[in-house]
Number of protein chains: 6
Amino acid sequence: DFIYSLENDVKPTLGTSDDALDKFIDRGIISWGNTRELLERGHMFVKQAKSPETRNMLCLLLEGAPTAGTSALAAYLAKNSDFPFVKVITSREMVGYTESSKCLRINKIFDDAYRSELSCIFMNDLEQLMGYSPIGPRYQSLVLDALYSLLSSSPPKGRKLLVICTSKRRSVLEELGLLSMFTAVLRVPYIKEVEDVRMVLDESQAMTSSEVEAVCQHISHGDVFVGVKKLMGLLDTMRVMKGVDPQKRVAAFCNLLEDEGIYTPTV
Amino acid sequence: DFIYSLENDVKPTLGTSDDALDKFIDRGIISWGNTRELLERGHMFVKQAKSPETRNMLCLLLEGAPTAGTSALAAYLAKNSDFPFVKVITSREMVGYTESSKCLRINKIFDDAYRSELSCIFMNDLEQLMGYSPIGPRYQSLVLDALYSLLSSSPPKGRKLLVICTSKRRSVLEELGLLSMFTAVLRVPYIKEVEDVRMVLDESQAMTSSEVEAVCQHISHGDVFVGVKKLMGLLDTMRVMKGVDPQKRVAAFCNLLEDEGIYTPTV
Amino acid sequence: DFIYSLENDVKPTLGTSDDALDKFIDRGIISWGNTRELLERGHMFVKQAKSPETRNMLCLLLEGAPTAGTSALAAYLAKNSDFPFVKVITSREMVGYTESSKCLRINKIFDDAYRSELSCIFMNDLEQLMGYSPIGPRYQSLVLDALYSLLSSSPPKGRKLLVICTSKRRSVLEELGLLSMFTAVLRVPYIKEVEDVRMVLDESQAMTSSEVEAVCQHISHGDVFVGVKKLMGLLDTMRVMKGVDPQKRVAAFCNLLEDEGIYTPTV
Amino acid sequence: DFIYSLENDVKPTLGTSDDALDKFIDRGIISWGNTRELLERGHMFVKQAKSPETRNMLCLLLEGAPTAGTSALAAYLAKNSDFPFVKVITSREMVGYTESSKCLRINKIFDDAYRSELSCIFMNDLEQLMGYSPIGPRYQSLVLDALYSLLSSSPPKGRKLLVICTSKRRSVLEELGLLSMFTAVLRVPYIKEVEDVRMVLDESQAMTSSEVEAVCQHISHGDVFVGVKKLMGLLDTMRVMKGVDPQKRVAAFCNLLEDEGIYTPTV
Amino acid sequence: DFIYSLENDVKPTLGTSDDALDKFIDRGIISWGNTRELLERGHMFVKQAKSPETRNMLCLLLEGAPTAGTSALAAYLAKNSDFPFVKVITSREMVGYTESSKCLRINKIFDDAYRSELSCIFMNDLEQLMGYSPIGPRYQSLVLDALYSLLSSSPPKGRKLLVICTSKRRSVLEELGLLSMFTAVLRVPYIKEVEDVRMVLDESQAMTSSEVEAVCQHISHGDVFVGVKKLMGLLDTMRVMKGVDPQKRVAAFCNLLEDEGIYTPTV
Amino acid sequence: DFIYSLENDVKPTLGTSDDALDKFIDRGIISWGNTRELLERGHMFVKQAKSPETRNMLCLLLEGAPTAGTSALAAYLAKNSDFPFVKVITSREMVGYTESSKCLRINKIFDDAYRSELSCIFMNDLEQLMGYSPIGPRYQSLVLDALYSLLSSSPPKGRKLLVICTSKRRSVLEELGLLSMFTAVLRVPYIKEVEDVRMVLDESQAMTSSEVEAVCQHISHGDVFVGVKKLMGLLDTMRVMKGVDPQKRVAAFCNLLEDEGIYTPTV
Ligand SMILES: Nc1ncnc2c1ncn2[C@@H]1O[C@H](COP(=O)(O)OP(=O)(O)OP(=O)(O)O)[C@@H](O)[C@H]1O
Ligand SMILES: Nc1ncnc2c1ncn2[C@@H]1O[C@H](COP(=O)(O)OP(=O)(O)OP(=O)(O)O)[C@@H](O)[C@H]1O
Ligand SMILES: Nc1ncnc2c1ncn2[C@@H]1O[C@H](COP(=O)(O)OP(=O)(O)OP(=O)(O)O)[C@@H](O)[C@H]1O
Ligand SMILES: Nc1ncnc2c1ncn2[C@@H]1O[C@H](COP(=O)(O)OP(=O)(O)OP(=O)(O)O)[C@@H](O)[C@H]1O
Ligand SMILES: Nc1ncnc2c1ncn2[C@@H]1O[C@H](COP(=O)(O)OP(=O)(O)OP(=O)(O)O)[C@@H](O)[C@H]1O
Ligand SMILES: Nc1ncnc2c1ncn2[C@@H]1O[C@H](COP(=O)(O)OP(=O)(O)OP(=O)(O)O)[C@@H](O)[C@H]1O
Ligand SMILES: [Mg+2]
Ligand SMILES: [Mg+2]
Ligand SMILES: [Mg+2]
Ligand SMILES: [Mg+2]
Ligand SMILES: [Mg+2]
Ligand SMILES: [Mg+2]
């Protein structure tokens with residue numbers, strides 16, 4: 001068994017909380033569609049969490065399908081919360097931990113947060129944190145219990161805590177009874193409009209504007225459905241195809257969109 | 001594995017039992033609907049537990065749907081029981097404990113209680129204490145056994161013990177055979193009457209009385225169904241919307257009630 | 001894991017075996033209905049266990065629904081067995097034990113008993129001892145194995161052992177193959193007759209005889225079905241209602257009987 | 001966990017192998033029905049196991065319903081095998097052992113046996129040894145594997161080993177693939193004939209011959225089906241009823257036979 | 001837990017690999033039916049494994065019903081492979097090992113084999129090695145993984161490894177995906193012809209030739225189906241019946257064949 | 001339990017990463033059918049992973065049925081990636097590891113990779129790495145979690161990581177939610193054309209060209225379906241049959257193809 005030493009858990013290579021948050025927003029936030037509105041609503045809750053007149057614990061959940069950009073938006077909110085104490089919890093730092101060690105680690109972060117007057121904890125992908133897997137289904141009961149206990153109990157008097165979480169499996173959280181622990185749940189949508197695709201393509205600067213125009217022209221004859229992260233990933237392939245003839249690049253990209261099931265031409 | 005040291009289990013940051021109980025009643029008790037009657041019946045059992053003529057063990061269960069206010073009322077009873085020894089057991093303090101450590105901890109609290117002539121133990125959310133989760137379903141057998149053993153055996157001669165528990169899943173306790181361990185079971189209801197909503201809104205002082213009036217006017221055209229904790233939580237959003245125009249605040253709050261499924265207008 | 005130290009298992013607070021047995025008979029034995037006959041049959045087996053002409057191992061099971069008074073009667077038999085070595089095994093003393101430690105503890109008690117010429121072991125609630133729970137169902141295989149082995153093997157030559165057990169789930173013991181280990185099985189019934197209720201009410205002295213009369217009068221118009229422990233528990237509520245008007249007390253008690261499903265008036 | 005120390009496993013209280021075997025035959029062998037024939041067949045295999053011309057490993061199984069007398073007959077064969085090294089394996093000595101410790105213990109006994117030229121190992125109730133229980137069903141895989149490995153591999157050259165086992169659940173052994181490991185399987189039957197009952201009653205000397213006659217007269221009008229151990233157990237009750245009137249004793253015993261489902265009168 | 005010390009794993013009592021192989025062939029190889037052909041095909045693969053032009057890893061499986069003689073033939077191939085390094089792996093030496101220790105032990109043998117230029121590993125009863133049991137079904141995943149990894153990865157450059165395995169449950173290996181790891185699979189059949197029975201009877205010299213003749217005469221009127229090991233086992237009974245009248249011996253043996261379901265007369 | 005010492009994990013016998021990769025390509029790459037094209041597409045992604053303009057993490061999956069040659073092609077890509085840090089992860093080096101140790105080991109390799117500017121990790125047979133087995137089904141949740149966490153989180157700023165994985169069970173990865181972690185998935189096909197068989201036979205030089213011609217002639221009258229590894233394995237049998245008459249060799253090989261279900265003549 002892996003004995004996790006609480007004293008020596010310095011992981012200098014992983015950097016500060018700010019670095020950790022930045023890693024989720026590595027490509028910035030492109031304000032397509034309702035991104036701005038969503039962030040504003042999120043900010044409202046951050047404000048509510050800070051206010052001395054409200055409950056001293058507020059839990060916010062951002063949930064969306066894979067690659068929707070959920071983690072980036074949640075990290076953005078945490079980063080811009082202006083809370084003096086911000087802490088990031090991801091399953092990445094706890095690879096190989098036993099259930100018990102995982103619980104102790106998460107618990108410690110909450111205990112640390114209780115010591116600060118205003119604290120914010122960012123927990124990415126709750127279902128992954130508790131080792132959820134659909135075959136079985138399986139999950140780590142101890143971690144679920146810990147999350148349940150931590151989200152349902154408030155910090156000591158005079159301390160305020162904001163917890164921002166993300167999830168890709170809202171239905172699982174609901175079934176496990178975790179959803180009702182949140183003060184508010186915000187849904188992060190997929191990109192469906194050609195105009196939103198255009199905005200992402202433009203901003204990412206992987207193509208010339210005439211190429212973007214040609215792509216948008218092409219996909220206007222069907223349905224688009226894609227997460228912002230996925231779309232930006234495909235643009236990387238364009239970046240490598242630099243010297244190539246624009247028409248070929250446009251064709252290649254349109255093919256990619258169709259192959260990956262992102263663009264479906266209407267029959 | 002986590003070795004829980006019985007000797008060093010001083011958790012000064014969590015404070016005294018009184019603080020722990022207070023945390024559950026952080027917004028006071030608003031005496032809407034049958035709150036008073038419920039507390040009186042509860043107090044009757046507290047009195048019975050104290051009486052030298054009765055059995056030396058009495059177990060009381062308060063059960064209600066999530067956010068019904070179950071924990072606050074149970075904590076209130078424990079706090080006002082005038083028992084010299086009061087101890088609080090919640091899953092929060094046992095995050096990451098192995099089943100065995102959990103049992104030892106709970107057992108120790110009962111053993112401590114046996115040493116005092118009159119003791120009261122408050123256990124919040126029994127099903128959560130035993131790690132119950134509906135997917136499986138799963139629960140910690142050792143903890144269930146411990147609860148079963150502790151609730152079914154009485155303190156030594158000349159000692160009296162009152163155990164007050166809460167639960168959100170009465171049916172689970174029943175299926176596990178725990179329900180029959182209780183001398184009495186009290187149900188904490190949801191708010192259904194407009195007058196009760198008004199009382200909570202008035203007392204919480206998050207809105208002006210004319211705003212309250214407008215809200216009550218609005219919701220009188222349908223059905224209301226909400227736990228007191230949930231209702232008070234929504235009022236926090238109002239608290240942050242301080243400078244806003246009253247009409248907008250009323251509209252915003254009414255929307256919130258409908259969005260959250262608390263208020264359903266009759267068609 | 002919990003390492004149970006065999007050397008240090010002195011639990012002075014739990015007292016002697018006699019104290020332990022007395023705790024089960026804290027309200028004495030009221031000889032309603034067939035109580036006396038049942039105890040006589042039990043005593044016959046105690047005598048048989050002692051006789052030098054018989055097998056040197058005899059296992060007796062008392063089984064009844066919850067609150068039937070099973071534990072009190074079994075404890076009474078053990079207490080009055082006049083065996084020089086009497087030992088009590090309950091799940092209460094083994095809260096938090098691992099399966100293995102539980103087995104070792106029970107085993108040790110049997111080994112100790114083997115050293116005495118005449119010994120009696122009282123084991124309360126067998127199914128609880130092995131952590132049985134209906135959801136799953138679950139039970140501790142190691143403990144079941146231990147019970148099976150201990151009940152099926154006899155003490156060394158020249159030693160005689162009487163084992164008295166109780167159970168609330170006869171069918172579970174049967175399914176697990178434990179029932180056939182017993183030389184005899186005695187069933188403890190519920191109270192069904194008004195006359196038996198009267199006897200318990202009279203003897204418990206929680207009501208005046210005219211109150212008892214009024215209650216019996218009332219319930220003679222329907223069916224009664226209750227364990228003696230449950231009935232005596234309800235009388236505790238009467239004890240707290242001392243100053244109250246007799247008529248109200250009678251009404252309150254009759255209501256209680258109906259609410260708890262003990263008395264069903266015939267339509 | 002329980003660490004079983006191989007060095008210190010001296011259990012002086014359990015005595016020698018001979019004592020252990022004697023405990024199974026505590027009431028001698030009454031030669032009712034085909035007992036003699038069965039023992040002769042068994043002895044044939046003992047002889048075969050000893051012969052230098054045959055395989056150096058022979059496994060014999062005696063199987064019968066509970067109380068059939070299976071263990072006594074198997075122990076009798078082992079005791080009278082005239083093997084210089086005889087070793088007894090029962091679950092009783094391994095209460096609380098982990099699966100692993102159990103395997104090591106059994107393995108050690110086989111290794112010890114390999115050192116002697118002629119050895120006999122007696123294993124009582126195979127299914128109990130591997131913790132079999134019908135709810136689940138459950139069993140200890142490690143122990144099953146160990147038995148499987150030990151029964152299927154022969155001792156080193158020049159060494160001969162006889163293994164005599166008993167079982168109450170032949171079908172379980174079959175399903176687990178253990179049955180085919182045995183060179184021969186002998187079935188121990190229940191008593192079905194009045195004459196066989198008479199022989200057991202006569203030999204056990206718990207009743208006078210006229211009483212025995214009366215009992216046999218009575219049960220000749222129906223069917224009898226009982227294990228010899230069960231029948232002898234019931235006679236113990238007679239032993240305690242010494243001073244009683246013979247007619248009453250006969251009636252009491254006949255009642256007992258009917259109550260326990262041993263004697264069914266033909267309608 | 002059992003900590004298997006890799007340093008001290010000298011088991012002098014178990015002897016060398018050659019002894020271990022010999023134990024499987026304790027009664028020699030009688031060349032009935034297609035035995036010779038089967039051994040020749042096996043030898044072909046041994047030759048292929050040795051050849052410097054072929055892959056440096058070859059896995060051969062011999063599979064057959066219980067008592068078919070599978071282990072003896074596989075051991076014979078390994079013994080006569082003329083490989084300088086031969087190692088035997090059976091579950092017998094790993095009784096009581098934890099899954100992990102088992103894996104480490106097997107792994108070590110493979111690592112040792114890698115050090116030799118030409119090595120042969122003999123693994124008996126693969127399904128038993130991984131603790132397979134049909135109730136559940138159960139098996140040890142770690143050991144399955146280990147076998148899978150070891151059989152699928154080849155030795156370092158310049159080293160050649162031949163792995164010869166046996167199995168009684170081909171279908172289980174198939175379902176677990178292990179079957180496709182083998183370069184070739186050879187089936188060991190049961191004896192079906194009277195002539196083959198005669199050859200085994202003759203060679204084993206447990207009966208006179210006229211007795212053999214009589215037996216063969218008798219069984220020619222029906223169907224025979226038996227493993228060579230089983231058949232030779234029954235002859236042991238004949239060996240003990242030495243002084244007996246030949247006719248009785250023949251009758252006894254024919255009865256035995258019928259009782260055990262080996263010989264079925266055609267109706 | 002097996003405590004894996006991180007400090008001492010030097011396995012000099014297993015050699016360098018390059019050796020490890022070479023072992024997968026021990027028979028070279030024969031460019032039959034679309035092999036070249038597949039490698040080119042793979043190389044494109046290697047290039048993309050290296051480019052400073054793209055995301056700093058790229059995951060590539062090669063998947064194909066058993067013996068399709070998947071591991072060889074993936075290893076080839078990794079070997080020719082020209083990445084300064086290349087590391088190989090296979091289940092072979094982790095035989096007997098506990099889940100936790102496995103995770104720690106894999107985690108460490110990723111952490112090491114993060115320290116280099118450009119790193120490539122090759123993970124063979126993902127489903128085997130997590131101990132997947134279809135009976136149950138079973139898999140190691142901790143390892144799945146680890147893979148999930150490692151594949152979904154990117155290296156620190158300024159570091160680029162390419163992960164190349166293989167799998168034989170694409171559908172399992174899909175069900176477990178791992179498939180969506182990959183930037184691209186390449187399918188490795190089976191050989192279906194006679195011309196492709198010819199190319200493999202020619203290049204492997206196990207037969208003369210006239211023999212190859214004869215074989216191809218023969219199999220042109222039906223369907224061929226085989227992995228390149230399987231086909232090359234069968235040629236080993238030809239290598240041992242060196243002196244034999246060519247016609248016999250051709251016949252033998254054609255038989256082999258049919259026996260193994262590789263060639264099915266059309267009826
Ligand atoms: N409007 C936007 N919303 C979210 N992310 C954006 C937006 N614009 C650009 N991005 C970039 O897109 C990426 C979104 O990745 P993110 O990890 O948030 O996705 P995700 O939905 O959490 O994916 P996963 O399913 O892997 O968890 C980030 O690199 C972010 O910088
Ligand atoms: N009449 C009332 N009954 C209960 N709680 C009240 C009442 N009036 C005000 N409150 C306040 O409402 C809140 C009730 O919260 P409480 O934790 O008891 O709810 P709960 O039903 O236990 O919720 P949860 O489902 O989270 O366990 C407390 O802050 C308490 O101070
Ligand atoms: N005739 C009687 N039989 C049994 N108990 C009696 C009788 N008369 C009075 N009592 C009292 O009733 C109580 C019976 O409690 P006991 O613990 O035996 O019930 P139980 O059936 O074991 O309950 P549980 O279901 O909690 O195990 C004891 O306090 C005992 O003193
Ligand atoms: N013919 C007989 N066969 C077997 N046992 C006999 C016979 N005659 C007398 N006995 C006695 O009967 C008892 C049989 O008990 P034994 O333990 O063998 O039964 P069992 O079938 O193994 O019971 P259990 O189901 O408890 O294992 C022994 O005390 C033995 O001395
Ligand atoms: N032609 C033969 N083939 C195999 N075994 C033979 C042959 N002739 C004689 N024997 C002997 O028969 C016995 C076969 O036993 P073996 O252990 O190989 O059987 P098995 O099928 O592996 O049995 P099990 O089901 O117990 O594993 C050996 O003692 C061997 O010496
Ligand atoms: N075009 C090719 N593609 C792949 N492998 C080839 C090719 N040509 C020759 N080979 C050789 O074929 C073998 C393919 O083996 P490889 O281990 O890659 O197969 P696999 O599909 O991974 O098999 P397994 O199912 O055992 O994992 C290697 O020895 C490789 O050198
Ligand atoms: Mg995310
Ligand atoms: Mg609560
Ligand atoms: Mg009881
Ligand atoms: Mg027996
Ligand atoms: Mg074999
Ligand atoms: Mg491969």
Side-chain angles (χ1 to χ4, degrees), chain A residues 1-4 11 13-15 19-20 22-24 26-27 65-67 71 90-99 101-102 124-125 127-140 143 168-169 204-206 227 229-230 232-242 256 259-260, chain F residues 1-4 6 44-58 98-108 110-111 114-115 130 132 136-157 159 172 175-178 180-181 183-185:
Chain A
D1 263 1
F2 171 49
I3 307 291
Y4 182 74
K11 290 217 166 180
T13 59
L14 288 180
D19 287 0
D22 277 342
K23 250 173 73 176
F24 286 103
D26 57 342
R27 309 226 146 177
T67 77
S71 304
T90 70
S91 63
R92 178 64 186 84
E93 332 144 27
M94 292 187 279
V95 165
Y97 277 41
T98 59
E99 287 194 49
S101 311
K102 237 186 201 176
N124 197 39
D125 285 350
E127 66 277 357
Q128 194 178 332
L129 260 184
M130 57 178 121
Y132 180 84
S133 141
I135 299 189
R138 295 199 196 161
Y139 58 91
Q140 302 178 316
V143 181
K168 287 175 200 156
R169 298 181 182 264
S204 68
Q205 295 181 310
K229 185 184 180 183
K230 177 85 194 175
M232 297 185 81
L234 294 181
L235 288 168
D236 274 353
T237 307
M238 287 300 106
R239 286 200 169 88
V240 189
M241 285 174 69
K242 245 185 205 162
L256 220 51
D259 286 358
E260 299 275 339
Chain F
D1 265 0
F2 171 48
I3 306 291
Y4 183 74
L6 281 176
M44 264 280 300
F45 286 107
V46 172
K47 221 174 106 190
Q48 177 172 333
K50 255 191 255 178
S51 159
E53 285 171 302
T54 57
R55 263 204 99 207
N56 54 1
M57 171 91 168
L58 190 152
T98 59
E99 287 195 48
S100 223
S101 310
K102 237 186 201 176
C103 293
L104 287 180
R105 172 98 186 122
I106 300 176
N107 194 35
K108 190 175 179 304
F110 272 79
D111 275 346
Y114 288 174
R115 293 212 191 85
M130 57 177 120
Y132 180 84
R138 295 199 195 162
Y139 58 92
Q140 301 179 316
S141 326
L142 276 186
V143 181
L144 171 61
D145 288 353
L147 291 178
Y148 204 89
S149 295
L150 291 166
L151 293 180
S152 74
S153 106
S154 40
K157 239 179 185 165
R159 307 285 150 86
V172 169
E175 215 183 330
L176 291 170
L178 270 178
S180 69
M181 306 276 100
T183 316
V185 179

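Every chain is numbered from 1, with letters handed out A, B, ... down the list of sequences.
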**Prompt:** Got a donor-acceptor contact below 3.5 angstrom from the A:K23 side chain to the F:P156 backbone?
**Reply:**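 Not a single qualifying donor-acceptor pair exists.
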
Given side chains that start at C-beta, do those of [X] and [Y] come closer than 4.5 Å, heavy atoms only?
X      : Y      : result
A:Q128 : F:S149 : yes
A:S133 : F:L176 : yes
A:M238 : F:Q48  : no

Atom pair [atom1] ([X]) and [atom2] ([Y]), whose distance is rounded to the nearest 0.5 Å:
X      : Y      : atom1 : atom2 : result
F:L142 : A:Q140 : CG    : CD    : 6.0 Å
A:K242 : F:E53  : NZ    : CD    : 3.0 Å
A:K168 : F:S152 : NZ    : OG    : 6.0 Å
A:Y97  : F:L104 : OH    : CG    : 9.5 Å

**Message:** Under 4.5 Å from any heavy atom of chain F, what part of A:D26 do you find: side chain, backbone, both or neither?
**Reply:**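 Side chain only.
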
**Item:** Toward chain F, the part of A:T237 with a non-hydrogen atom under 4.5 Å
**Value:**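 Answer is both: backbone and side chain atoms of A:T237 are under 4.5 Å from chain F.
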
**Message:** Quick check on side chain to side chain contact (heavy atoms under 4.5 Å, CB included): which of F:V143, F:N107, F:I106 does A:V95 satisfy it with?
**Reply:**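 The passing option is F:N107.
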
**Message:** Can you tell whether the side chains of A:R92 and F:D111 come within less than 4.0 Å, N to carboxylate O?
**Reply:**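 Looking at A:R92 and F:D111, the cut-off is met.
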
**F:P52 portion near chain A, given a 4.5 angstrom heavy-atom threshold** =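 For F:P52, there is no contact with chain A at all, as no heavy atom is under 4.5 Å.
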
**Request:** With a 4.5 angstrom heavy-atom cut-off, could you sort out which part of F:S154 is near chain A: side chain, backbone, both or neither?
**Result:**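 The answer is both parts of F:S154.
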
**Prompt:** Any idea which heavy atoms bring F:D145 and A:G131 closest together, and the distance?
**Reply:**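 Distance-wise, the nearest heavy atoms are OD2-CA, 3.1 Å.
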
**Message:** So which residue, A:D125, A:T90, A:L235, A:D236, ends up with the most heavy-atom pairs under 4.5 Å with chain F?
**Reply:**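 That would be A:D236.
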
**Asked** Do you know which of F:C103, F:A184, F:S51 has the most heavy-atom pairs under 4.5 Å to chain A?
**Response**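 It is F:C103.
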
**Item:** A:R138 charged N/C atom sitting above F:Y139 aromatic ring, 6.0 Å / 45°
**Value:**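 Yes, A:R138 lies over the aromatic ring of F:Y139.
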
